There are 2 protein chains.
Amino acid sequence: MGTMKRAVTHPSAPHMPPLLARSAFELFADSGFANVNLDQIAARAGVTKGSLYWHYRNKKELILAACDHYYRHWQTDVEHAIAQGASPLERLRLALVFSVDSCIIDTRNRLFTTGVFMLMQEDADVRVSWSRFYGAVRAFYVGLVTAAQREGTPSPRDARRQVDLMLEAMEGLKLRAGFEPHIARPAERKAIVAGLLGVLCPIERTGRRKT
Amino acid sequence: MGTMKRAVTHPSAPHMPPLLARSAFELFADSGFANVNLDQIAARAGVTKGSLYWHYRNKKELILAACDHYYRHWQTDVEHAIAQGASPLERLRLALVFSVDSCIIDTRNRLFTTGVFMLMQEDADVRVSWSRFYGAVRAFYVGLVTAAQREGTPSPRDARRQVDLMLEAMEGLKLRAGFEPHIARPAERKAIVAGLLGVLCPIERTGRRKT
DNA sequence: TCGTGCCCATACTGTACGGTATAGTATGGT
DNA sequence: ACCATACTATACCGTACAGTATGGGCACGA
(Lines give C-alpha, C1' and ligand atoms only; values in the text may rest on other atoms or scores of the structure.)
Protein backbone atom coordinates (compact mmCIF):
# COMPACT_ATOMS: atom_id res chain seq x y z
CA MET A 1 0.00 0.00 0.00
CA GLY A 2 1.16 3.56 -0.47
CA THR A 3 4.09 4.17 -2.71
CA MET A 4 7.63 3.31 -1.70
CA LYS A 5 9.08 6.60 -0.49
CA ARG A 6 7.94 8.69 2.42
CA ALA A 7 9.36 6.29 4.99
CA VAL A 8 8.14 8.03 8.05
CA THR A 9 9.07 11.49 9.05
CA HIS A 10 10.36 14.25 6.94
CA PRO A 11 12.30 16.52 9.23
CA SER A 12 13.15 19.75 7.55
CA ALA A 13 15.04 21.13 10.52
CA PRO A 14 17.36 18.36 11.66
CA HIS A 15 19.85 20.95 12.76
CA MET A 16 17.63 22.31 15.50
CA PRO A 17 18.08 19.68 18.22
CA PRO A 18 21.87 19.89 18.21
CA LEU A 19 21.73 23.65 17.91
CA LEU A 20 19.45 23.87 20.91
CA ALA A 21 21.66 21.46 22.82
CA ARG A 22 24.68 23.59 22.04
CA SER A 23 22.92 26.77 23.08
CA ALA A 24 21.79 25.11 26.27
CA PHE A 25 25.30 23.92 27.06
CA GLU A 26 26.81 27.34 26.53
CA LEU A 27 24.29 29.06 28.72
CA PHE A 28 24.45 26.39 31.40
CA ALA A 29 28.23 26.57 31.38
CA ASP A 30 28.11 30.32 31.74
CA SER A 31 25.44 30.73 34.38
CA GLY A 32 24.64 27.35 35.89
CA PHE A 33 21.66 25.10 35.33
CA ALA A 34 19.41 26.86 37.80
CA ASN A 35 20.04 30.33 36.45
CA VAL A 36 19.11 29.66 32.85
CA ASN A 37 15.53 29.47 31.68
CA LEU A 38 14.12 27.97 28.55
CA ASP A 39 13.36 31.32 26.96
CA GLN A 40 17.04 32.20 27.01
CA ILE A 41 18.03 28.90 25.50
CA ALA A 42 15.46 29.22 22.75
CA ALA A 43 16.45 32.82 22.08
CA ARG A 44 20.11 31.90 21.75
CA ALA A 45 19.17 29.34 19.15
CA GLY A 46 17.13 31.97 17.31
CA VAL A 47 13.72 30.53 18.10
CA THR A 48 11.16 30.76 20.88
CA LYS A 49 10.04 28.48 23.63
CA GLY A 50 7.22 27.09 21.55
CA SER A 51 9.74 25.71 19.08
CA LEU A 52 11.99 24.44 21.79
CA TYR A 53 9.18 22.34 23.15
CA TRP A 54 8.70 20.84 19.73
CA HIS A 55 12.19 19.31 19.89
CA TYR A 56 12.55 18.63 23.60
CA ARG A 57 9.89 17.53 26.00
CA ASN A 58 11.17 19.36 29.06
CA LYS A 59 14.15 21.02 30.63
CA LYS A 60 15.64 17.77 31.79
CA GLU A 61 15.89 16.41 28.27
CA LEU A 62 17.70 19.55 27.28
CA ILE A 63 20.08 19.12 30.16
CA LEU A 64 20.86 15.57 29.12
CA ALA A 65 21.39 16.76 25.55
CA ALA A 66 23.74 19.47 26.80
CA CYS A 67 25.66 16.81 28.71
CA ASP A 68 26.04 14.71 25.59
CA HIS A 69 27.27 17.76 23.76
CA TYR A 70 29.90 18.23 26.45
CA TYR A 71 30.99 14.60 26.43
CA ARG A 72 31.42 14.52 22.69
CA HIS A 73 33.46 17.68 22.67
CA TRP A 74 35.71 16.47 25.44
CA GLN A 75 36.56 13.38 23.52
CA THR A 76 37.40 15.10 20.26
CA ASP A 77 39.34 17.80 22.07
CA VAL A 78 41.51 15.40 24.03
CA GLU A 79 42.20 13.32 20.96
CA HIS A 80 43.34 16.45 19.23
CA ALA A 81 45.46 17.48 22.20
CA ILE A 82 47.49 14.29 22.30
CA ALA A 83 47.82 13.92 18.55
CA GLN A 84 51.28 15.48 18.49
CA GLY A 85 52.72 13.17 21.14
CA ALA A 86 55.49 10.95 19.84
CA SER A 87 55.85 8.37 22.59
CA PRO A 88 53.07 6.87 24.71
CA LEU A 89 54.48 8.57 27.77
CA GLU A 90 54.46 11.88 25.97
CA ARG A 91 50.86 11.34 24.90
CA LEU A 92 49.96 10.63 28.51
CA ARG A 93 51.64 13.83 29.58
CA LEU A 94 49.83 15.82 26.92
CA ALA A 95 46.52 14.37 28.01
CA LEU A 96 47.24 15.41 31.56
CA VAL A 97 48.21 18.90 30.50
CA PHE A 98 44.99 19.18 28.54
CA SER A 99 42.86 17.92 31.41
CA VAL A 100 44.53 20.10 33.99
CA ASP A 101 44.17 23.17 31.83
CA SER A 102 40.52 22.34 31.26
CA CYS A 103 39.96 22.02 34.97
CA ILE A 104 41.84 25.07 36.11
CA ILE A 105 41.55 27.63 33.36
CA ASP A 106 38.25 26.84 31.73
CA THR A 107 35.73 28.32 34.12
CA ARG A 108 32.83 27.12 32.01
CA ASN A 109 33.99 23.57 32.23
CA ARG A 110 34.16 23.96 35.97
CA LEU A 111 30.74 25.43 36.39
CA PHE A 112 29.12 22.95 34.05
CA THR A 113 30.55 19.83 35.61
CA THR A 114 29.90 21.08 39.11
CA GLY A 115 26.30 21.56 38.12
CA VAL A 116 26.20 18.06 36.73
CA PHE A 117 27.43 16.69 40.03
CA MET A 118 24.72 18.59 41.78
CA LEU A 119 22.03 17.22 39.49
CA MET A 120 23.48 13.75 39.81
CA GLN A 121 22.54 13.70 43.46
CA GLU A 122 18.87 13.90 42.67
CA ASP A 123 18.42 12.49 39.20
CA ALA A 124 19.22 8.95 38.17
CA ASP A 125 19.32 9.73 34.47
CA VAL A 126 21.98 12.35 34.90
CA ARG A 127 23.81 9.86 37.06
CA VAL A 128 23.97 7.14 34.44
CA SER A 129 24.79 9.69 31.79
CA TRP A 130 27.81 10.94 33.69
CA SER A 131 28.75 7.44 34.74
CA ARG A 132 29.00 6.39 31.12
CA PHE A 133 31.19 9.36 30.36
CA TYR A 134 33.40 8.69 33.33
CA GLY A 135 33.83 5.13 32.15
CA ALA A 136 34.98 6.36 28.78
CA VAL A 137 37.46 8.78 30.30
CA ARG A 138 38.83 6.12 32.59
CA ALA A 139 39.23 3.68 29.73
CA PHE A 140 41.01 6.35 27.75
CA TYR A 141 43.51 7.01 30.50
CA VAL A 142 44.00 3.36 31.35
CA GLY A 143 44.92 2.81 27.73
CA LEU A 144 47.46 5.60 27.83
CA VAL A 145 48.95 4.43 31.08
CA THR A 146 49.37 0.81 30.11
CA ALA A 147 50.88 1.87 26.79
CA ALA A 148 53.30 4.12 28.63
CA GLN A 149 54.23 1.35 31.02
CA ARG A 150 54.92 -1.23 28.37
CA GLU A 151 57.70 0.91 27.06
CA GLY A 152 59.96 1.96 29.86
CA THR A 153 59.08 2.29 33.49
CA PRO A 154 58.75 -0.82 35.65
CA SER A 155 55.00 -0.75 36.34
CA PRO A 156 52.61 0.14 39.04
CA ARG A 157 50.38 -2.82 39.68
CA ASP A 158 46.82 -1.88 38.97
CA ALA A 159 46.66 0.82 36.33
CA ARG A 160 42.97 1.26 36.83
CA ARG A 161 43.33 2.10 40.46
CA GLN A 162 46.00 4.67 39.70
CA VAL A 163 43.80 6.22 37.06
CA ASP A 164 40.88 6.41 39.43
CA LEU A 165 43.01 8.15 41.98
CA MET A 166 44.30 10.58 39.38
CA LEU A 167 40.83 11.37 38.09
CA GLU A 168 39.57 11.94 41.60
CA ALA A 169 42.39 14.37 42.18
CA MET A 170 41.50 16.06 38.91
CA GLU A 171 37.94 16.63 40.05
CA GLY A 172 39.10 17.98 43.35
CA LEU A 173 41.50 20.21 41.53
CA LYS A 174 38.64 21.64 39.55
CA LEU A 175 36.79 22.52 42.68
CA ARG A 176 39.85 23.94 44.38
CA ALA A 177 40.57 26.16 41.41
CA GLY A 178 37.28 27.85 42.20
CA PHE A 179 38.53 29.32 45.44
CA GLU A 180 42.30 29.23 45.10
CA PRO A 181 42.87 30.86 41.73
CA HIS A 182 46.60 31.12 42.26
CA ILE A 183 46.98 27.56 41.11
CA ALA A 184 46.33 28.79 37.60
CA ARG A 185 49.88 30.13 37.36
CA PRO A 186 51.96 28.20 34.84
CA ALA A 187 54.52 27.01 37.37
CA GLU A 188 51.76 25.68 39.61
CA ARG A 189 50.06 23.96 36.73
CA LYS A 190 53.30 22.30 35.75
CA ALA A 191 53.84 21.07 39.28
CA ILE A 192 50.31 19.74 39.36
CA VAL A 193 50.79 17.82 36.14
CA ALA A 194 53.99 16.39 37.57
CA GLY A 195 52.17 15.36 40.71
CA LEU A 196 49.44 13.60 38.75
CA LEU A 197 52.00 11.91 36.55
CA GLY A 198 53.64 10.77 39.75
CA VAL A 199 50.37 9.18 40.79
CA LEU A 200 50.14 7.30 37.51
CA CYS A 201 53.80 6.26 37.34
CA PRO A 202 54.96 6.17 40.98
CA ILE A 203 58.42 4.70 40.41
CA GLU A 204 59.28 6.99 37.56
CA ARG A 205 60.65 9.86 39.61
CA THR A 206 63.61 8.10 41.17
CA GLY A 207 66.25 10.29 39.56
CA ARG A 208 64.54 13.68 39.98
CA ARG A 209 65.07 15.88 42.99
CA LYS A 210 64.16 19.38 41.98
CA THR A 211 60.41 20.03 42.31
CA MET B 1 21.99 61.43 78.79
CA GLY B 2 20.68 58.05 79.92
CA THR B 3 22.48 56.11 82.60
CA MET B 4 25.47 53.89 82.03
CA LYS B 5 23.95 50.47 81.45
CA ARG B 6 21.73 49.50 78.62
CA ALA B 7 24.72 48.47 76.49
CA VAL B 8 22.96 47.22 73.45
CA THR B 9 20.71 44.27 72.97
CA HIS B 10 19.07 41.93 75.32
CA PRO B 11 18.32 38.74 73.45
CA SER B 12 15.76 36.62 75.16
CA ALA B 13 16.06 33.82 72.61
CA PRO B 14 19.79 33.39 72.03
CA HIS B 15 19.24 29.79 71.10
CA MET B 16 17.26 30.59 67.98
CA PRO B 17 20.04 31.53 65.54
CA PRO B 18 22.04 28.33 66.08
CA LEU B 19 18.85 26.29 66.10
CA LEU B 20 17.80 27.76 62.81
CA ALA B 21 21.28 27.24 61.38
CA ARG B 22 21.17 23.61 62.43
CA SER B 23 17.72 23.12 60.94
CA ALA B 24 18.88 24.75 57.75
CA PHE B 25 21.94 22.54 57.55
CA GLU B 26 19.96 19.37 58.05
CA LEU B 27 17.43 20.26 55.41
CA PHE B 28 20.05 21.48 52.98
CA ALA B 29 22.06 18.32 53.50
CA ASP B 30 18.99 16.21 52.87
CA SER B 31 17.52 17.96 49.86
CA GLY B 32 20.01 20.46 48.51
CA PHE B 33 20.07 24.21 48.81
CA ALA B 34 17.71 24.85 45.93
CA ASN B 35 15.06 22.40 47.09
CA VAL B 36 14.59 23.80 50.57
CA ASN B 37 12.54 26.91 51.21
CA LEU B 38 12.50 29.15 54.19
CA ASP B 39 9.13 27.94 55.40
CA GLN B 40 10.51 24.45 55.83
CA ILE B 41 13.55 25.65 57.72
CA ALA B 42 11.44 27.75 60.03
CA ALA B 43 9.00 24.91 60.58
CA ARG B 44 11.77 22.50 61.48
CA ALA B 45 12.96 24.96 64.10
CA GLY B 46 9.42 25.24 65.41
CA VAL B 47 8.78 28.80 64.27
CA THR B 48 7.50 30.52 61.16
CA LYS B 49 9.11 32.50 58.41
CA GLY B 50 8.34 35.77 60.10
CA SER B 51 10.47 34.80 63.06
CA LEU B 52 13.17 33.45 60.86
CA TYR B 53 13.54 36.82 59.24
CA TRP B 54 14.03 38.37 62.62
CA HIS B 55 17.23 36.39 63.11
CA TYR B 56 18.52 36.19 59.56
CA ARG B 57 18.27 38.80 56.90
CA ASN B 58 17.90 36.48 53.93
CA LYS B 59 18.45 32.98 52.67
CA LYS B 60 22.09 33.57 51.97
CA GLU B 61 22.87 34.42 55.58
CA LEU B 62 21.20 31.21 56.60
CA ILE B 63 23.31 29.33 54.11
CA LEU B 64 26.48 30.81 55.50
CA ALA B 65 25.33 29.95 59.01
CA ALA B 66 24.64 26.39 57.91
CA CYS B 67 28.15 26.24 56.47
CA ASP B 68 29.66 27.37 59.74
CA HIS B 69 27.63 24.73 61.49
CA TYR B 70 29.10 22.13 59.17
CA TYR B 71 32.68 23.35 59.58
CA ARG B 72 32.48 23.31 63.33
CA HIS B 73 31.08 19.82 63.40
CA TRP B 74 33.72 18.51 61.04
CA GLN B 75 36.47 19.74 63.27
CA THR B 76 35.11 18.30 66.48
CA ASP B 77 34.27 15.02 64.76
CA VAL B 78 37.70 14.53 63.28
CA GLU B 79 39.39 15.39 66.56
CA HIS B 80 37.28 12.76 68.18
CA ALA B 81 38.06 10.25 65.46
CA ILE B 82 41.81 10.45 65.85
CA ALA B 83 41.80 10.65 69.63
CA GLN B 84 42.52 6.93 70.04
CA GLY B 85 45.57 6.96 67.77
CA ALA B 86 48.78 6.10 69.60
CA SER B 87 51.44 7.14 67.10
CA PRO B 88 51.34 10.13 64.74
CA LEU B 89 51.16 7.78 61.78
CA GLU B 90 48.24 6.01 63.34
CA ARG B 91 46.46 9.29 63.94
CA LEU B 92 47.00 10.17 60.31
CA ARG B 93 45.53 6.88 59.25
CA LEU B 94 42.53 7.37 61.51
CA ALA B 95 41.95 10.81 60.09
CA LEU B 96 42.00 9.38 56.58
CA VAL B 97 39.58 6.64 57.53
CA PHE B 98 37.26 9.21 59.03
CA SER B 99 37.44 11.46 55.99
CA VAL B 100 36.97 8.67 53.50
CA ASP B 101 34.00 7.33 55.39
CA SER B 102 32.50 10.80 55.53
CA CYS B 103 32.93 11.20 51.81
CA ILE B 104 31.68 7.81 50.71
CA ILE B 105 29.08 6.74 53.21
CA ASP B 106 27.62 9.99 54.45
CA THR B 107 25.29 11.03 51.66
CA ARG B 108 24.32 14.21 53.44
CA ASN B 109 27.90 15.31 53.63
CA ARG B 110 28.18 14.69 49.91
CA LEU B 111 25.09 16.58 48.95
CA PHE B 112 25.87 19.50 51.21
CA THR B 113 29.42 20.04 50.08
CA THR B 114 28.51 19.59 46.45
CA GLY B 115 25.94 22.30 46.91
CA VAL B 116 28.54 24.51 48.52
CA PHE B 117 30.79 24.08 45.53
CA MET B 118 27.94 25.05 43.28
CA LEU B 119 27.22 28.19 45.27
CA MET B 120 30.90 29.01 45.40
CA GLN B 121 30.90 29.54 41.68
CA GLU B 122 28.54 32.46 41.95
CA ASP B 123 28.94 33.89 45.40
CA ALA B 124 32.13 35.38 46.79
CA ASP B 125 31.05 35.10 50.42
CA VAL B 126 30.50 31.39 50.15
CA ARG B 127 33.85 31.20 48.42
CA VAL B 128 35.80 32.82 51.22
CA SER B 129 33.85 30.85 53.77
CA TRP B 130 34.81 27.56 52.22
CA SER B 131 38.33 28.76 51.55
CA ARG B 132 38.84 29.40 55.23
CA PHE B 133 37.58 25.96 56.07
CA TYR B 134 39.78 24.35 53.47
CA GLY B 135 42.76 26.17 54.94
CA ALA B 136 41.96 24.75 58.36
CA VAL B 137 41.61 21.23 57.00
CA ARG B 138 44.86 21.53 55.10
CA ALA B 139 46.70 22.82 58.16
CA PHE B 140 45.28 19.96 60.17
CA TYR B 141 46.54 17.35 57.73
CA VAL B 142 49.89 19.03 57.21
CA GLY B 143 50.39 18.87 60.94
CA LEU B 144 49.57 15.17 61.01
CA VAL B 145 51.82 14.41 58.06
CA THR B 146 54.87 16.26 59.34
CA ALA B 147 54.43 14.67 62.73
CA ALA B 148 54.23 11.26 61.09
CA GLN B 149 57.34 11.96 59.05
CA ARG B 150 59.46 13.10 61.94
CA GLU B 151 59.13 9.72 63.50
CA GLY B 152 59.94 7.09 60.96
CA THR B 153 59.71 7.28 57.22
CA PRO B 154 62.31 9.25 55.29
CA SER B 155 60.22 12.18 54.07
CA PRO B 156 58.44 13.39 51.02
CA ARG B 157 59.62 16.85 50.21
CA ASP B 158 56.77 19.28 50.41
CA ALA B 159 54.14 18.02 52.81
CA ARG B 160 51.73 20.72 51.79
CA ARG B 161 51.74 19.70 48.19
CA GLN B 162 51.08 16.09 49.11
CA VAL B 163 48.22 17.14 51.34
CA ASP B 164 46.71 19.24 48.60
CA LEU B 165 46.87 16.31 46.22
CA MET B 166 45.29 14.05 48.81
CA LEU B 167 42.49 16.48 49.57
CA GLU B 168 41.78 16.93 45.88
CA ALA B 169 41.50 13.18 45.53
CA MET B 170 39.20 13.14 48.52
CA GLU B 171 36.85 15.62 46.91
CA GLY B 172 36.86 13.67 43.68
CA LEU B 173 36.15 10.55 45.66
CA LYS B 174 33.11 12.17 47.14
CA LEU B 175 31.76 12.96 43.72
CA ARG B 176 32.57 9.53 42.36
CA ALA B 177 30.79 7.87 45.25
CA GLY B 178 27.65 9.47 43.89
CA PHE B 179 27.58 7.38 40.75
CA GLU B 180 29.78 4.41 41.60
CA PRO B 181 28.33 3.23 44.89
CA HIS B 182 30.32 0.02 44.83
CA ILE B 183 33.29 1.86 46.29
CA ALA B 184 31.43 1.91 49.59
CA ARG B 185 32.34 -1.73 50.18
CA PRO B 186 34.75 -2.14 53.09
CA ALA B 187 37.52 -3.67 51.02
CA GLU B 188 37.33 -0.82 48.53
CA ARG B 189 37.37 1.76 51.26
CA LYS B 190 40.42 0.17 52.77
CA ALA B 191 42.22 0.22 49.46
CA ILE B 192 41.30 3.84 49.00
CA VAL B 193 42.69 4.79 52.38
CA ALA B 194 45.87 2.92 51.50
CA GLY B 195 46.09 4.79 48.21
CA LEU B 196 45.69 8.15 49.91
CA LEU B 197 48.23 7.22 52.53
CA GLY B 198 50.54 6.35 49.69
CA VAL B 199 50.07 9.84 48.32
CA LEU B 200 51.04 11.35 51.65
CA CYS B 201 53.95 9.01 52.39
CA PRO B 202 55.17 7.87 48.97
CA ILE B 203 58.25 6.01 50.13
CA GLU B 204 56.52 4.22 52.90
CA ARG B 205 55.27 1.28 50.89
CA THR B 206 58.62 -0.17 49.90
CA GLY B 207 58.18 -3.42 51.76
CA ARG B 208 54.58 -4.13 50.81
CA ARG B 209 53.61 -6.10 47.75
CA LYS B 210 50.06 -7.23 48.21
CA THR B 211 46.55 -6.40 47.05
C1' DT C 1 -6.91 22.74 -4.01
C1' DC C 2 -6.89 20.61 -0.36
C1' DG C 3 -5.34 18.33 3.43
C1' DT C 4 -1.59 16.74 6.45
C1' DG C 5 2.37 16.46 8.99
C1' DC C 6 6.40 19.57 10.35
C1' DC C 7 8.02 23.64 12.50
C1' DC C 8 7.58 27.98 14.76
C1' DA C 9 5.45 32.10 17.40
C1' DT C 10 2.30 34.38 20.72
C1' DA C 11 -0.10 34.39 24.58
C1' DC C 12 -1.45 32.42 28.62
C1' DT C 13 -1.79 29.45 33.13
C1' DG C 14 -0.33 27.74 37.40
C1' DT C 15 2.58 27.80 41.00
C1' DA C 16 6.46 28.04 43.98
C1' DC C 17 9.01 30.95 46.69
C1' DG C 18 11.79 34.96 48.51
C1' DG C 19 10.72 38.69 50.82
C1' DT C 20 7.62 42.27 53.40
C1' DA C 21 4.01 44.51 56.07
C1' DT C 22 1.83 44.35 60.10
C1' DA C 23 -0.25 43.04 64.20
C1' DG C 24 0.17 40.63 68.46
C1' DT C 25 2.71 38.75 72.86
C1' DA C 26 6.26 38.29 76.40
C1' DT C 27 9.67 40.29 79.28
C1' DG C 28 12.43 43.19 81.77
C1' DG C 29 13.72 47.82 83.21
C1' DT C 30 12.20 52.19 85.63
C1' DA D 1 1.79 51.36 85.84
C1' DC D 2 4.16 52.09 81.79
C1' DC D 3 7.01 51.52 77.97
C1' DA D 4 10.60 49.75 74.90
C1' DT D 5 12.64 45.95 73.01
C1' DA D 6 12.77 41.10 71.58
C1' DC D 7 10.37 37.94 69.39
C1' DT D 8 6.54 35.37 66.87
C1' DA D 9 2.51 34.69 63.67
C1' DT D 10 -0.49 35.71 59.65
C1' DA D 11 -1.30 37.34 55.48
C1' DC D 12 0.14 39.13 51.46
C1' DC D 13 2.97 40.80 47.18
C1' DG D 14 5.84 40.42 43.15
C1' DT D 15 8.11 37.79 40.19
C1' DA D 16 10.27 34.21 37.79
C1' DC D 17 9.60 30.38 35.19
C1' DA D 18 8.16 25.55 33.52
C1' DG D 19 4.87 24.05 30.82
C1' DT D 20 0.44 24.51 27.63
C1' DA D 21 -3.02 26.04 24.29
C1' DT D 22 -3.56 27.59 20.01
C1' DG D 23 -3.01 29.17 15.56
C1' DG D 24 -0.32 30.18 11.40
C1' DG D 25 2.84 29.38 7.55
C1' DC D 26 5.06 26.04 4.49
C1' DA D 27 6.15 21.97 2.13
C1' DC D 28 4.53 18.08 -0.08
C1' DG D 29 1.66 14.38 -1.87
C1' DA D 30 -3.01 13.30 -3.72
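All values derive from a computational prediction rather than experimental measurement. Only this structure's heavy atoms are used, side chains among them; waters, hydrogens and symmetry mates stay out. Below, read A as the first sequence line, B as the second, and so on, with proteins coming before strands; counting in each chain starts at 1.
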### Message
Heavy-atom nearest nucleotide on DNA chain D for A:K60 versus B:K49: which residue maps closer to 5'?
### Response
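Taking each residue's closest nucleotide, the earlier one in sequence belongs to B:K49.
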### Query
Quick one: on DNA chain D, does A:R57 or A:A34 contact a more 5' nucleotide (nearest heavy atom)?
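Looking at DNA chain D, the more 5' nearest nucleotide goes with A:A34.
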### Closest contact, heavy atoms only, A:R189 versus A:I183
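What the structure gives for the nearest pair is CG-O, 3.5 Å.
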### Query
Do you know the tightest heavy-atom contact between A:M120 and B:F179?
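Nearest pair, atom of A:M120 first, then B:F179: CE-CD2, 3.5 Å.
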Nearest whole Å is fine: how far is [N] [atom2] from [X] [atom1]?
X: B:I63; N: C:dG19; atom1: CD1; atom2: C1'; result: 14 Å
X: A:F33; N: D:dA18; atom1: CZ; atom2: P; result: 13 Å
X: A:E61; N: D:dG19; atom1: CD; atom2: P; result: 10 Å
X: B:D39; N: D:dA11; atom1: CG; atom2: C1'; result: 12 Å
X: A:N37; N: D:dC17; atom1: CG; atom2: C1'; result: 6 Å
X: B:L52; N: D:dA6; atom1: CG; atom2: C1'; result: 16 Å
X: B:Y53; N: D:dA11; atom1: OH; atom2: C1'; result: 15 Å
X: B:I41; N: C:dG18; atom1: CD1; atom2: C1'; result: 11 Å

### Query
Tell me, do A:L165 and A:R161 make a side-chain contact under 4.5 Å, heavy atoms counted?
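No. Closest side-chain heavy atoms not under 4.5 Å.
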### Query
Looking at A:Y71 versus A:W74, is the centre-to-centre ring distance below 6.0 Å?
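Judged by ring-centre distance (under 6.0 Å), A:Y71 and A:W74 do not meet the cut-off.
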### Message
From C-beta outward on B:L38, which listed nucleotide comes closest to its side chain: C:dG19, C:dT10, D:dA18?
### Response
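Among the listed nucleotides, the one closest to the side chain of B:L38 is C:dG19.
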Phosphate oxygens OP1/OP2 of [N]: is one of them under 4.0 Å from a side-chain N or O of [X]?
X: B:H55; N: D:dT8; value: yes
X: A:W54; N: C:dC7; value: yes
X: A:S51; N: C:dA9; value: yes

### Message
Less than 3.5 Å apart, any donor N or O on the side chain of A:D164 or A:Y134 sitting next to an acceptor on the other?
### Response
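A:Y134 and A:D164 do have a side-chain donor-acceptor pair below 3.5 Å.
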### Query
Quick one: the side chain of B:K59 and the base of C:dG19, do they pair up donor-acceptor inside 3.5 Å?
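Not at all, since no donor on one side and acceptor on the other fall under 3.5 Å apart.
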### Message
So B:N58, base contact, sugar-phosphate only, or nothing? Heavy-atom distance under 4.0 Å.
### Response
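B:N58: backbone/sugar contact only, no base atoms under 4.0 Å.
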